[in-house]
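Take a look at the structure below.
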Amino acid sequence: MAAVALQEPRVEILDLRHFSSVDLRPLLDEEINVWSRLLSWDYHGSADMILRYVDAKILPGYAAIDRGRVFGYAFFVYEGSKGVIGDLFVANGSRLPNAHEVESRLLAHVIETLQQSPGIHRVEAQLLLHETGAVARPFVEQGFSRHARLFMVLPLGNPKAPLPSQPEIEIRRWSEQDYQSAAAIITTSYRGHVDSDINDQYRTLSGSLRFLNNIVRFPGCGTFDTESSFVAVHKRSRTLVGLILCSRVRHDVGHVTQVCVLPEYRTLRIGESLMGYTAANLRQRKFSLLSLTVTEANKRAVDLYLRLGYDIKRVFDAFVWEG
Ligand SMILES: CC(C)(COP(=O)(O)OP(=O)(O)OC[C@H]1O[C@@H](n2cnc3c(N)ncnc32)[C@H](O)[C@@H]1OP(=O)(O)O)[C@@H](O)C(=O)NCCC(=O)NCCS
């Protein structure tokens, strides 16, 4: 028994700030491969950003260590009174300890730290790499609610469907001047919506502006792609009634980061039209794939995407805690 115990790897969970990019680089390289394989997502930019923050010792989180080697990590960020769990990744090589067990331990540390941080009243997490249920236990045990979300993809090789048109609505390219009106549309579109339970930024105008800022100005969710992002304008009143925002997550893959239409303008095929403009633009530029995420309970949106030819590629979870 003693000999077995000696051979068993002893995993330590330590503060991420003990480490530098040199320690984490091999793990992040492995993670880049997984993002590419599972989600067709080029994670190089995000990995570089994470490593810069690690070197600056400003990224809160934990690392899993086996015989001096970092083989897993999880990090979070503070956004006012909210903590957002940014990522969780454990290498799954055969000579390593049970990856799933290590994921749970890393998450338990992150959750405890956040729930005990003074002034933090809300914690959100969306872990795209992890299949629904796979990492749910530590969240559920600590009182989080759980929402299934779908990762959907549309291959862009298929022939182009004709775009529906509405005589009263004009679709034009997104411009920087649309910021304020876009934030108002997002806030109104998500009032009482399941997605504003998952992401509380949607609940207020200032939150929606922060959301837009993150999407358009920072590379957190790919690189914003102006050319494939559009707004729907009511011709007579010249007001914005809907929008679609798209980012580039790989040289040939687009990702819809936002699509919404004001409630009083729904069912008029404006949503379908916006989706069509984005797909047509990317197709013209030789992109091969367009992806998006949607809450499973958002049936109207899910049905629309299925009808447009999107496939469900993965199901993952969003977790929310309010204390
Ligand atoms: C999803 C959304 C963008 C769709 O916009 P839209 O302009 O209504 O979409 P369309 O008219 O092109 O078609 C949507 C489908 O939903 C149906 N639909 C839309 N609103 C409806 C309503 N109030 N009651 C019943 N059916 C409705 C349409 O008839 C259509 O159904 P079909 O595909 O079976 O023909 C819009 O509902 C919305 O902004 N929702 C809130 C934000 C959101 O959920 N965004 C997606 C996040 S992933």
Side-chain angles (χ1 to χ4, degrees), residues 39 124 126 128 132 147-154 160-172 174 178 181-205 207-208 211-212 214-216 221-222 224 228-235 237 239-247 249 254-280 289-318 320:
L39 305 168
E124 294 175 2
Q126 291 200 42
L128 261 84
T132 179
H147 304 266
R149 300 212 2 111
L150 313 178
F151 178 80
M152 301 180 80
V153 297
L154 176 76
K160 200 159 59 169
L163 295 176
S165 65
Q166 307 78 23
E168 294 188 358
I169 302 293
E170 176 197 341
I171 308 268
R172 65 155 170 81
W174 162 268
D178 294 325
S181 329
I185 290 183
I186 292 172
T187 316
T188 309
S189 294
Y190 287 92
R191 201 161 283 146
H193 192 288
V194 60
D195 286 1
S196 45
D197 292 337
I198 296 171
N199 180 353
D200 72 344
Q201 287 182 322
Y202 289 164
R203 295 179 198 169
T204 60
L205 196 60
S208 296
F211 165 85
L212 276 176
N214 283 338
I215 293 294
V216 176
C221 191
F224 181 65
S228 60
S229 299
F230 296 91
V231 291
V233 181
H234 185 248
K235 285 182 187 163
S237 62
T239 53
L240 247 58
V241 300
L243 61 93
I244 186 163
L245 304 178
C246 185
S247 284
V249 293
H255 184 82
V256 176
T257 53
Q258 180 58 258
V259 56
C260 58
V261 171
L262 286 177
E264 59 271 35
Y265 287 90
R266 286 184 194 156
T267 74
L268 301 173
R269 299 264 180 268
I270 299 173
E272 180 178 340
S273 221
L274 288 166
M275 301 288 294
Y277 268 74
T278 294
L289 204 68
L290 178 56
S291 62
L292 55 81
T293 58
V294 57
T295 307
E296 191 175 42
N298 187 4
K299 199 174 169 326
R300 188 173 298 156
V302 175
D303 287 349
L304 171 64
Y305 304 149
L306 288 172
R307 187 165 55 77
L308 294 177
Y310 284 75
D311 285 327
I312 300 170
K313 194 82 190 293
R314 297 179 65 75
V315 187
F316 63 101
D317 288 322
V320 180

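Every number for a ligand or one of its atoms is a count from 1 in the order of the listing. Owing to the predicted nature of the structure, the values given are computational and were not obtained by experimental measurement.
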Close aromatic pair by centroid cut-off 6.0 Å: F151 and F316
no
[X] versus ligand 1: do any nitrogen or oxygen atoms come within less than 3.5 Å of each other?
X	result
Y265	no
G271	yes
H193	yes
V261	yes
V259	yes
Y305	no

What part of [X] sits under 4.0 Å from ligand 1 if we count only heavy atoms: the side chain, the backbone, both or neither?
X	answer
R266	both
T267	both
T293	backbone
Y202	neither
D303	neither

With heavy-atom distances below 4.5 Å as the criterion, would you say the side chains of I244 and Y277 are in contact?
no
Looking at side-chain heavy atoms only, is the closest gap between E264 and V241 below 4.5 Å?
no
Counting non-hydrogen protein atoms only, what is the nearest one to [atom]? Give residue, atom name and distance.
atom	value
atom 4 (C) of ligand 1	L304 CD2, 4.0 Å
atom 47 (C) of ligand 1	Y190 OH, 3.5 Å
atom 15 (C) of ligand 1	R300 CG, 4.2 Å
atom 1 (C) of ligand 1	A301 CB, 3.9 Å
atom 31 (O) of ligand 1	R269 NH1, 4.3 Å
atom 34 (O) of ligand 1	R307 NE, 4.1 Å

Where ligand 1 meets [X] - atom numbers and elements under 4.0 angstrom, heavy-atom basis:
X	result
V294	48 (S)
S189	41 (C)
N298	43 (C), 44 (O), 46 (C), 47 (C)
E272	12 (O)
L268	11 (O)
I270	7 (O), 12 (O)

Mind listing the closest non-hydrogen atom pair of L154 and A279 along with its distance?
CD2-CB, 4.3 Å
Going through the distances and angles, do L243 and C260 end up as a side-chain contact (heavy atoms from CB on, under 4.5 Å)?
CA-CA 6 Å; L243 61 93; C260 58; 4.1 Å; yes
[atom1]-[atom2] distance between [X] and [Y], expressed to the nearest 0.5 angstrom:
X	Y	atom1	atom2	value
L290	M275	CG	CE	6.5 Å
R149	E296	CZ	CD	11.0 Å
H147	D195	NE2	CG	9.0 Å
I169	I270	CD1	CD1	4.0 Å

Apply the test side chain to side chain donor-acceptor pair (under 3.5 Å) to residues Y202 and Q258: give CA-CA distance (whole Å), side-chain angles for both, the deciding distance (0.1 Å), then the verdict.
CA-CA 11 Å; Y202 289 164; Q258 180 58 258; 3.1 Å; yes
Under 3.5 Å, is there a donor on one side chain and an acceptor on the other for Q201 and Y190?
no
Give a yes or no on whether the backbone of D200 and the side-chain of E124 come within a donor-acceptor separation of less than 3.5 Å.
yes
Please check if the side chain of Q166 supplies one atom and the backbone of R269 the other of a donor-acceptor pair under 3.5 Å.
yes
With the threshold set at under 4.0 angstrom, would you say V256 reaches ligand 1 through any of its heavy atoms?
no
Any protein heavy atom under 4.0 Å from atom 27 (C) of ligand 1?
yes
Sole candidate of V153, L150, T132, L39 that passes side-chain contact (heavy atoms from CB on, under 4.5 Å) when paired with R314:
L39
Classify the ring geometry between W174 and F224 as parallel (under 30°), tilted (30 to 60°) or perpendicular (over 60°).
perpendicular
